[in-house]
Enquirer: 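I have a structure here, written as structure tokens, and I will follow up with some questions on it.
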Amino acid sequence: LPIYDYMMYHTVTGVQFWLVVVIAALLGASFAVGHNPLHLIAAVVVLLYLPVERYVQAGKQVSLNPVFKETLHYTLDDEKLALDVLDEHMETEWDAIVKVSSTKKSIILYTNKVAATIFPRESLGGDHDRVVELIRRVVPAGRVRIKG
């Protein structure tokens with residue numbers, strides 16, 4: 001799910017993730033010192049909680065929002081990004097893109113801190129390099145962080 005990839009990106013780049021890692025490491029160290037299996041079990045539960053919770057959350061979002069069940073049609077040109085889904089047409093000028101990030105699976109274009117357009121890399125297929133080149137050309141360089 002592209003939305004899961006997006007949610008996990010935000011999870012691993014946030015403070016909450018590092019807090020969970022520190023707690024799990026402390027529980028692991030406690031297990032190593034005291035050999036209490038409950039500490040090891042707690043460390044594993046703490047580490048697995050966020051990915052599982054994000055997966056469930058992503059599944060809920062997809063099931064509750066009809067847009068996620070439809071085929072999205074994008075048009076990108078030098079002036080804007082256009083989206084057609086169902087009977088709606090939305091356009092975003094490149095100036096409105098505040099940040100572009102990427103994961104191994106997605107390219108994420110933000111219009112604010114929480115609203116984004118997600119392009120699954122596999123959906124871009126043969127157009128991947130052309131899309132990345134266009135984004136790098138039309139979005140100011142300081143806003144673009146695309147790997148690969």
Side-chain angles (χ1 to χ4, degrees), residues 1-76 81-92 94 96-136 139-148:
L1 295 170
I3 191 76
Y4 175 70
D5 185 54
Y6 170 78
M7 292 173 126
M8 284 304 298
Y9 171 76
H10 278 274
T11 298
V12 301
T13 58
V15 174
Q16 184 181 22
F17 173 75
W18 294 107
L19 180 62
V20 166
V21 169
V22 167
I23 291 169
L26 290 172
L27 286 165
S30 178
F31 169 74
V33 170
H35 303 292
N36 184 339
L38 290 177
H39 293 175
L40 181 61
I41 292 167
V44 171
V45 168
V46 166
L47 283 176
L48 292 178
Y49 173 76
L50 282 177
V52 170
E53 188 271 337
R54 295 300 187 260
Y55 187 80
V56 170
Q57 193 177 31
K60 283 182 185 176
Q61 271 197 306
V62 168
S63 67
L64 294 174
N65 192 336
V67 170
F68 288 120
K69 295 176 182 148
E70 300 298 324
T71 301
L72 305 173
H73 300 279
Y74 292 97
T75 306
L76 290 80
L81 159 67
L83 166 64
D84 292 294
V85 61
L86 297 171
D87 58 353
E88 289 189 49
H89 178 80
M90 295 169 269
E91 293 184 358
T92 304
W94 293 113
I97 303 297
V98 296
K99 177 180 164 186
V100 181
S101 294
S102 66
T103 68
K104 288 180 182 178
K105 296 181 180 181
S106 305
I107 297 173
I108 306 165
L109 288 79
Y110 295 87
T111 51
N112 63 42
K113 286 186 176 186
V114 293
T117 299
I118 305 166
F119 288 106
R121 288 182 189 259
E122 69 179 22
S123 295
L124 294 173
D127 291 327
H128 176 273
D129 292 342
R130 287 187 10 219
V131 169
V132 170
E133 180 183 314
L134 174 66
I135 291 169
R136 285 188 170 137
V139 177
R143 299 179 192 172
V144 179
R145 294 180 196 96
I146 299 176
K147 299 174 210 147

Enquirer: What orientation do Tyr110 and His10 show, parallel under 30°, tilted 30 to 60°, or perpendicular over 60°?
Expert: perpendicular
Enquirer: Rounded to the nearest 0.5 Å, how far does CD of Glu88 lie from CG of Leu72?
Expert: 11.0 Å
Enquirer: With rounding to the nearest 0.5 angstrom, report the CZ to CG distance, Arg121 to Asp127.
Expert: 14.0 Å
Enquirer: Taking side-chain contact (heavy atoms from CB on, under 4.5 Å) as the criterion, tell me which of Val45, Val46, Val44, Leu50 meets it with Leu48.
Expert: Val44
Enquirer: Could you grab the distance from atom CG of Asp84 to atom OG1 of Thr71, nearest 0.5 Å is fine?
Expert: 12.0 Å
Enquirer: How far apart are the closest heavy atoms of Ile3 and Gln61, and which atoms are they?
Expert: CG1-OE1, 3.5 Å
Enquirer: Could you report the tightest heavy-atom contact between Pro120 and Pro2, atom names first, then the distance?
Expert: CG-CG, 3.5 Å
Enquirer: If you apply the rule side-chain contact (heavy atoms from CB on, under 4.5 Å), what do you find for Val21 with Phe17, and how did you get there?
Expert: CA-CA 6 Å; Val21 169; Phe17 173 75; 3.7 Å; yes
Enquirer: If we only count heavy atoms from C-beta on, is the Met90 to Val85 side-chain gap below 4.5 Å?
Expert: yes
Enquirer: How long is the gap from OG on Ser106 to OH on Tyr4, to the nearest 0.5 Å?
Expert: 12.5 Å
Enquirer: Out of curiosity, Arg143 CZ to Ser101 OG, how far, rounded to the nearest 0.5 Å?
Expert: 13.0 Å
Enquirer: Tell me every residue that passes side chain to side chain contact (heavy atoms under 4.5 Å, CB included) with Leu40, counting only those two or more places apart in sequence or in another chain.
Expert: Phe31
Enquirer: Which value, rounded to the nearest 0.5 Å, describes the distance between Ile108 atom CD1 and Ser102 atom OG?
Expert: 7.5 Å
Enquirer: Tell me if the CZ atom of Arg136 is crowded by more than 12 foreign heavy atoms within 6.0 Å.
Expert: yes
Enquirer: Which atoms form the tightest heavy-atom contact between Lys60 and Ser63, and what is the distance?
Expert: O-OG, 3.0 Å
Enquirer: In this structure, which one of Asp129, Leu134, Ile135 forms a side-chain contact (heavy atoms from CB on, under 4.5 Å) with Val131?
Expert: Ile135
Enquirer: State, yes or no, whether a side-chain contact exists between Leu124 and Ile107 at a heavy-atom distance under 4.5 Å.
Expert: yes
Enquirer: Looking at Thr111 and Thr92, what are the two nearest heavy atoms and their distance?
Expert: CG2-CG2, 3.7 Å
Enquirer: Check Leu81 against Trp94 and note the closest heavy-atom contact, atom names and distance.
Expert: CB-CH2, 4.1 Å
Enquirer: So do the side chains of Arg130 and Leu76 get within less than 4.5 Å of each other, counting heavy atoms only?
Expert: no
Enquirer: Counting neighbours of NZ on Lys147 that are heavy atoms of other residues, nucleotides or ligands and sit closer than 6.0 Å, is the number greater than 12?
Expert: no
Enquirer: Do any N or O atoms from the side chain of Thr103 and from the backbone of Lys105 form a donor-acceptor pair under 3.5 angstrom?
Expert: yes
Enquirer: More than 12 heavy atoms of other residues, nucleotides or ligands under 6.0 Å from OH of Tyr49: yes or no?
Expert: no
Enquirer: Please name the pair of heavy atoms, one in Arg54 and one in Met7, separated by the smallest distance, quoted to 0.1 Å.
Expert: O-SD, 3.8 Å
